[in-house]
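I have placed the structure first, in the form of structure tokens, so that the comments after it can refer back to it.
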Amino acid sequence: MITHHPSLLRLRAPLPAGLRHRTSHALLFTAPAYSPPPPPLRLLPLCVAAGGASPVGPDGGNRATPPPLGAAALDFARSNFLPLALIGGMTLGLLDPTLGCLAHKYSLSKYSTFGIFVISGLTLRTKELGAALQAWPAGLFGLGSILLLTPFLAQYIVQIQFFPREFITGLAMFCCMPTTLSSGVTLTQLAGGNSALALAMTVISNLLGIMFVPLSLAKYIGAGAGVALPTKELFRSLVNTLLTPLILGKVARETSKGIAEFVDGNRQGFSVMSAVLLSLVPWIQVSRSRSLLLSVKAKAFAIIVIIGVLLHLALLAFNATTLQVLSCLKQKEESVFARKEYARAVILVASQKTLPVLVAVVEQLGGALGESGLLVIPCVAAHINQIIIDSILVNLWRQRDQRSTGAK
């Protein structure tokens, strides 16, 4: 009978009262509208059909699957590109210094510095310049830390009893140098700091360093040894390798809207380019000093490296703590010392020291303070270590920013 037909079994479900006394034809027409909906159709995941594990958990939710090993390695390399590039350059210089020495012969480090500041000019927004002018108290503190505080520490470092003596003397001389020409600005950009403020501190400290460095060396280290700096040559070098490319990049950005849009749309790529250019400097330095590095006892070299690392960590801690204290002095409105983009620029730039100026000074000394090669070796290690440490710090800052952005 029709009541036993499978398709009509659903009619036995209770219907609204207004429909119970209708004819069978009416029931046949209206019953499907009141039948319970069929269960949703689910397709078998491809990985299950192929014999793999299902991404669906036992509770019906999605189960997190770990990324492939290659993707995880690529993500790690992308997040830690700068320290990996620096370590790779050092390793290459130690294994085979031929290419690094050839690069030094053709002054590749000068071209890489030129390229870094062209990129800095291309990525420098005009509003950052105005922001840097507003942050002049932070910049003034940074200059004082660079030119006054760390040279003062040199008189205590030089008292450490160590052999070879040139290692300690070279590290004390390193304290009297201005800030780095390129790495501080590059790391500030990567950290989301104000690159205009970093550039201003870099330019001013290196220009003033032409006057401050000889005074600091004579007072704290030289003890009347008569230190002479090639003032005109250093000034010309700073203009050619720093100011000129920066102006060229900035002019190109301001005169072409297409260039500005292209740079703003590919800022991560330009940051990678800056990191690659920056990694060329320690690669060349390690290649040049390889024979001297291998001739030094491992224990003495390890100790001087640890001293250099502790010195840089002390500078980072001092600058960060002082900025924190200064930021608490102004209660009515936010202090420039408390602004993240200004604080990061000051902490990075004021805690670093430049190697090229030290090399120029050592060459001018003519062995007055010891063997030139042994004076430079600890400074090469300190220069590389400070970049690696600061790049790790920058990565920590960026990860914290990403977490805070994701939480919002």
Side-chain angles (χ1 to χ4, degrees), residues 120 124 127-157 172 174-213 215-216 219-220 238 242-243 246 310-354 357 382-383 386-387 389-391 393-394 396-397 400:
S120 298
L124 180 60
K127 63 180 181 180
E128 292 180 344
L129 292 173
L133 293 176
Q134 295 177 359
W136 66 267
L140 190 61
F141 164 74
L143 292 175
S145 178
I146 295 169
L147 299 173
L148 298 177
L149 170 70
T150 43
F152 181 77
L153 295 177
Q155 61 180 331
Y156 299 103
I157 294 177
F174 193 61
C175 292
C176 299
M177 299 298 116
T179 189
T180 52
L181 292 177
S182 55
S183 60
V185 178
T186 303
L187 289 169
T188 299
Q189 291 175 338
L190 293 174
N194 188 279
S195 57
L197 178 60
L199 281 168
M201 288 188 292
T202 299
V203 174
I204 296 174
S205 66
N206 278 275
L207 293 177
L208 293 179
I210 296 175
M211 297 180 293
F212 276 83
V213 169
L215 295 175
S216 299
K219 182 177 181 179
Y220 299 125
L238 289 172
L242 193 151
L243 289 179
L246 177 66
L310 293 176
L311 173 64
H312 184 63
L313 292 176
L315 292 178
L316 287 172
F318 169 81
N319 290 319
T321 303
T322 306
L323 285 174
Q324 186 67 29
V325 172
L326 292 174
S327 65
C328 298
L329 299 179
K330 197 172 183 180
Q331 300 293 341
K332 294 183 179 180
E333 57 184 10
E334 186 180 16
S335 171
V336 294
F337 299 104
R339 296 280 297 274
K340 179 177 67 175
E341 61 270 22
Y342 301 148
R344 291 182 179 181
V346 173
I347 290 172
L348 291 172
V349 175
S351 302
Q352 293 188 359
K353 294 296 178 180
T354 185
V357 176
H383 177 81
Q386 71 183 1
I387 298 176
I389 293 171
D390 290 352
S391 64
L393 178 62
V394 167
L396 294 176
W397 281 340
R400 187 174 65 182

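For Pro178 against Ile146, the heavy-atom pair with the smallest separation is CA-CG2, 3.8 Å. Minimum interatomic distance between Leu187 and Ser391 (heavy atoms only, all atoms of both residues): CD2-CA, 3.9 Å. Between Cys175 and Leu311 the shortest heavy-atom distance is SG-CD2, 3.4 Å. Smallest separation of non-hydrogen atoms from Leu323 and Ala343: CD1-O, 3.8 Å. Here the closest non-hydrogen pair linking Ala350 and Gly142 is CB-O, 4.0 Å. Closest heavy-atom contact between Thr322 and Phe318: OG1-O, 2.7 Å.
The closest donor-acceptor contact from the side chain of Ser145 to the backbone of Leu149 lies at 3.5 Å or more, if one exists at all. Of the possible polar contacts, none joining the Thr186 side chain to the Ser183 backbone as a donor-acceptor pair under 3.5 Å is found.
Residues Val346 and Met201 form a side-chain contact, since some pair of their non-hydrogen atoms from C-beta on lies under 4.5 Å apart. The shortest distance between side-chain heavy atoms of Leu315 and Leu153 falls below 4.5 Å. In this structure the side chain of Leu316 reaches within 4.5 angstrom of the side chain of Asp390, judged on heavy atoms. Counting heavy atoms from C-beta outward, Thr188 and Leu197 have side chains that stay 4.5 Å or more apart. Contact of the Met177 side chain with the Val213 side chain is registered, since non-hydrogen atoms from C-beta on lie closer than 4.5 Å. At a threshold of 4.5 Å between non-hydrogen side-chain atoms, the residues Lys353 and Thr150 count as touching. Looking at His312 and Gln352, their side chains come closer than 4.5 Å, going by heavy atoms from C-beta outward. For the pair Trp397/Ile347, a side-chain contact is recorded, criterion being any heavy-atom separation below 4.5 Å from C-beta on.
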Q: Walk me through it: do Phe337 and Tyr342 pass the test side chain to side chain contact (heavy atoms under 4.5 Å, CB included)?
A: CA-CA 7 Å; Phe337 299 104; Tyr342 301 148; over 6 Å; no
Q.
Would Leu348 and Val394 count as a side chain to side chain contact (heavy atoms under 4.5 Å, CB included) here? Give the steps.
A. CA-CA 9 Å; Leu348 291 172; Val394 167; 4.1 Å; yes
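Applying the side-chain contact (heavy atoms from CB on, under 4.5 Å) test between Thr179 and each of Val203, Thr354, Asn206 identifies Asn206 as the sole match.
Applying the side chain to side chain donor-acceptor pair (under 3.5 Å) test to every pair with at least one member in residues 191-205, sequence neighbours left out, gives these pairs: Glu128-Ser195.
Once rounded to the nearest 0.5 Å, the distance linking CD of Gln189 with OG of Ser120 reads 4.5 Å. Remark: Lys219 NZ to Phe152 CZ distance equals 8.0 Å, nearest 0.5 Å. The OG atom of Ser351 lies 9.5 Å from the CG atom of Leu313; values are rounded to the nearest 0.5 Å.
In this structure, Gln155 places its CD atom where more than 12 heavy-atom neighbours from other residues, nucleotides or ligands lie under 6.0 Å away.
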